Amino acid sequence: MAFEAHLEELKIRKDHALRMGGKEKLAARRAQGVLNARERIDYLLDAGSFIESGLLATSHRPEARDKSPADGKVAGYGTVQGRPIALVSNDFTVLGASSSVVNGKKIKHVKQVANDSGMPLVLLGESAGARMPDRMGAAGRAILGQDPIEYLRDRRTPWVSALLGSCYGSSTWYACLSDFVVMRKGATMAVASSRVTALAIRQPVDAEELGGWKLHTGTTGRVDLAVDTDEQALDAVKKFLSYLPSHNGEPPPRAAVPEGSDEPITRILDLVPESRTQVYDSREVVKCVLDASSMFELKERFGKSLVTALGRVNGHTVGVIANNPKFRGGAIDVDACAKATSFLVLCDSFNVPIIFLVDQPGFLIGLEGEKRGAPGRIMNWMNALSLTSVPRISITMRKNYGQAYLNMGGGRNSDEAAAWPSADFGFMDPGTGVNVLYGLRQEDDPERFRQLVNQIAQDSAPWPLAGLYETQAIIDPRETRSYLKDILRVRFRQTTNGIGEHRLRCWPTSY
Amino acid sequence: MAMVEVRSEIAGAVWKIVVKVGDTVAEDDTLIILESMKMEIPLTATEDGVVAEIRVAENAPIAEGDVAVILRT
């Protein structure tokens, strides 16, 4: 046969690359119930759709060539639910998937293809950081920073990261640049490993404490969702992508509306207490408004007094920002500000209309917030909101106090404003208002206090605002979903087929 | 197994204690209801666990950052 020797060599080389880091390392992972880099790709992509890029790439250093199949980062293209993506799956069994000259080229290449062709980029993280000794000395320095836009994030297509093991170096950096990050519990993400960190600060460091899921879902907000298994993480990647367009030049995909989606809203009056002193979990309201089982909450454990969720109304993707009185009475703290702002960036970058569901007593004031720069966070949010060009609908359910009224789309900061009859547009709670305005406490003169509270409450009812055409509709809470269906249709930007201006595309991902 | 301190996120008064030592709770379950900002605001479990200790009494004032409940996780 012609070419026989060539073909034989090709087969030998391919087989060697597909053996990854070797039987023992692969078996050890299997024993831990953790998928390997190629199994992860198989699970993520539609069957048979993987097109590999760089199977025969290896370390450029001759002594490492044979022990660096695919140079530790498996890259390529495929489809997820029929839609094309580009991906990099870190192979920890090969030199800890450490960053090298050649695998850096692989990342750069598929990233470029994702941008050029308009595909999401998926990064399956598990990497040890810089490869040694490649990065040492002058020669090591000379391979760093050769791509001036290596860490540029301009949101032309969605980026998604799954953190599926020890993540240092590139897995960490790309997660911080991604639009959605899911972490398997037990994985860690940090600048440097606990071993390196412990050496540097001369004290023992626990990997979980340094970069585990609780830290990143609850304190830093860098991770959107934590799950138990690799498979669940990859399912979350698929689910997230299902809401978004493949690139910023098209509207999000339309989904079928599940049967029964109009049922839950009929029970909404039982979910929200009429009394302003009582709280509830606003996620139950969000579920009623959206198509059945379409709510996909992001950063559930971070800045809990504000809920951010993707979902669908009538099959169209929307982003919901809802205050949640269940936590801190819905008072908006510094974390909630950061969460709202990053969500505006996501929605605006990918042509997703934004719905505000408002019930908030104002920003959480106090020493802690000021130390963390609360005013700056509040203005960052306003600046981001001013730059959005997707449709923004605001619905005031109950309280809508203070400056936060503007952050939640008040005035011209939303395209359409509606309110429930229970809406309260005071600057603060009426009782507190009497304290501040008249210097009167309830115990001083209960009768006069009651009269003044009533007077202030009357002034802040939704009717005067409707009279001034500051809110375009007062709706029965049970009409909220049908109102949204109608107004989203009215507000769809037909002239651009729903494509926005993307002025937040270079907004810092983690300011 | 670890002991987790559940701290008040706001200043106010303890209105009702709804769990007792030994109760099993899930993340986001209400432990204590505080009165603050003219609202009844729940203090919720930060993680799944068992109530190991309750450090506050009903009607007592509570400051932001005070440890109210200890959970064993």
Side-chain angles (χ1 to χ4, degrees), chain A residues 185 206 208-209 212-214 217-219 226 273 275-281 283 297 300-305 307 324-336 359-369 371 398-399 401-402 424 426 428-435 442 453 457, chain B residues 1-19 23-73:
Chain A
K185 292 176 186 175
D206 171 57
E208 195 63 35
E209 203 180 338
W213 68 275
K214 283 182 189 169
T217 55
T219 306
S275 160
R276 76 172 89 234
T277 65
Q278 285 177 335
V279 302
Y280 58 99
D281 192 334
R283 288 174 290 195
E297 191 175 359
E300 182 183 348
R301 299 185 79 247
F302 180 69
K304 288 181 175 182
S305 66
V307 173
N324 196 352
K326 177 168 178 180
F327 301 101
R328 299 191 169 198
I332 302 166
D333 57 18
V334 170
D335 288 349
D359 186 355
Q360 55 82 21
F363 291 107
L364 188 74
I365 49 176
L367 291 178
E368 180 60 24
K371 282 180 191 163
R398 300 198 313 177
K399 294 172 191 180
Y401 295 165
D424 172 4
M428 53 180 69
D429 179 87
T432 314
V434 172
N435 299 154
Q442 184 165 17
V453 164
Chain B
M1 195 178 82
M3 303 304 260
V4 172
E5 293 177 334
V6 182
R7 293 169 184 271
S8 176
E9 300 175 316
I10 42 170
V14 177
W15 183 53
K16 261 187 206 164
I17 299 175
V18 299
V19 291
D23 284 359
T24 299
V25 293
E27 181 170 341
D28 291 349
D29 280 359
T30 298
L31 305 173
I32 285 174
I33 301 175
L34 307 174
E35 202 182 338
S36 176
M37 301 185 289
K38 315 268 179 190
M39 280 185 280
E40 299 156 17
I41 297 180
L43 178 65
T44 54
T46 47
E47 292 179 30
D48 298 349
V50 174
V51 177
E53 196 184 333
I54 296 171
R55 292 247 182 114
V56 292
E58 288 185 357
N59 301 316
I62 186 165
E64 183 181 347
D66 282 359
V67 177
V69 173
I70 311 264
L71 296 179
R72 192 167 52 240
T73 61

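Chain A is the first sequence line, chain B the second, and so forth, proteins listed ahead of strands; every chain is numbered from 1. In this text, all values refer to a predicted model and were calculated from it rather than measured experimentally.
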Quick one: pull up [atom1] in [X] and [atom2] in [Y] and give me the separation to the nearest 0.5 Å.
X: Asp333(A); Y: Ile10(B); atom1: CG; atom2: CD1; value: 11.0 Å
X: Ile41(B); Y: Gln278(A); atom1: CD1; atom2: CD; value: 12.5 Å
X: Thr44(B); Y: Arg328(A); atom1: OG1; atom2: CZ; value: 10.0 Å

- prompt: Is it the backbone or the side chain of Leu364(A) that comes under 4.5 Å from a heavy atom of chain B, or both, or neither?
  reply: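 Answer is side chain: those atoms of Leu364(A) sit under 4.5 Å from chain B.
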
query: Does the distance from a Lys or Arg side-chain N to an Asp or Glu carboxylate O, for Lys304(A) and Glu27(B), drop under 4.0 Å?
result: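 Yes, this pair counts.
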
Is it the side chain or the backbone of [X] that comes within 4.5 Å of chain A heavy atoms, both, or neither?
X: Glu35(B); value: neither
X: Glu9(B); value: both
X: Thr46(B); value: backbone

field: Arg283(A) to Asp28(B) - nearest heavy-atom pair and separation
entry: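 In this case the closest contact between Arg283(A) and Asp28(B) is NH2-OD2, 3.6 Å.
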
query: Looking at Arg276(A) and Met39(B), what are the two nearest heavy atoms and their distance?
result: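 Looks like O-CG, 3.6 Å.
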
